[in-house]
Amino acid sequence: NKSAEGNPNVLGVPFRVGDAVEIEMISQGGVKSKDTDKVRGLVIGKVNRGLGSSIHIRDVLFGQPVERKIPLHSPLLKSLKVIEQNFLHKRKKRVKRAKLYYLRDRNPIESRVTK
């Protein structure tokens, strides 16, 4: 609970697998640094394990698919914003899978969030 109260910009945001998210995180220099990066991606998996909770996001940068595992309780995260809900099916039908690892075998353009 203390971690959730400390960072409501990340842990208070409701999102699901299949949503497109943008995460603002500190890039270098530690917690007190002002250097931030914005990482966009499609949430392909979510792990709920207390303080070990994390999400897997996938995006295509310069034609290459990139996956990142981001711990949600990290002090390096500044904010999490949902860009588009149900990005995978373009809001037509909801995602009925807990993990979207099958997207690794599909065309990378399907999971591209960054324009």
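What's counted below: heavy atoms across the whole structure, side chains too, no hydrogens, waters or symmetry copies.
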*Co-membership, hydrophobic cluster, residues Ile109 and Tyr102, 4.5 Å side-chain*: no

*Taking Ser79 for its side chain and Asn9 for its backbone only, find out whether a donor-acceptor pair lies under 3.5 Å.*
no

*Using atom types as modelled and distance alone, determine if a side-chain donor or acceptor of Asp35 lies under 3.5 Å from a backbone N or O of Ser27.*
no

_Can you list everything that forms a side chain to side chain contact (heavy atoms under 4.5 Å, CB included) with Val60? Sequence neighbours excluded, please._
Pro108, Ser111, Arg112

_How close do Ile55 and Leu80 get, counting heavy atoms only, and between which atoms?_
CD1-CD1, 4.3 Å

*Which residues satisfy the side-chain hydrogen bond (donor to acceptor under 3.5 Å, both in side chains) test with Glu84, sequence neighbours excluded?*
none

*To the nearest 0.5 Å, tell me how far Leu76 CG sits from Ile23 CD1.*
12.0 Å

_Let me confirm one number: the CZ-NZ distance from Phe15 to Lys81, rounded to the nearest 0.5 Å._
15.0 Å

*Kindly write out the residues that satisfy side-chain hydrogen bond (donor to acceptor under 3.5 Å, both in side chains) with Lys78, not counting sequence neighbours, or none if the list is empty.*
none

*Just jot down the side chain to side chain contact (heavy atoms under 4.5 Å, CB included) partners of Gln85, sequence neighbours excluded, or say none.*
Asp19, Val82

*Option passing side-chain contact (heavy atoms from CB on, under 4.5 Å) with Leu42 (candidates Asp59, Val17, Ile83, Val113)*: Val113

*asked:* I need the minimum non-hydrogen distance between Ser54 and Pro71, along with the two atoms involved.
replied: CB-CA, 3.8 Å

*Check salt bridge (charged side-chain N to carboxylate O under 4.0 Å, His left out) between Arg104 and all other residues, then give those that pass, not counting sequence neighbours.*
Glu67

_I'd like to know if Val13 and Val39 are part of one continuous hydrophobic network [Ile/Leu/Val/Met/Phe/Trp/Tyr, side-chain heavy atoms within less than 4.5 Å]._
yes

*Calculate, to the nearest 0.5 Å, the distance between atoms CD and CD1 belonging to Glu22 and Ile57 respectively.*
10.0 Å

_Looking at every heavy atom in both Arg58 and Ile44, which two are closest together, and how far apart are they?_
CB-CG2, 4.0 Å

*Should we count CD of Gln28 as having more than 12 external heavy atoms under 6.0 Å?*
no

What side-chain donor-acceptor pairs closer than 3.5 Å can you find for residues 94-101, not counting sequence neighbours?
from, atom 1, to, atom 2, distance (Å)
Lys99, NZ, Lys46, O, 3.1

*Hey, is the main chain of Gly50 close enough, under 3.5 Å, to the side chain of His73 for a donor-acceptor pair?*
yes

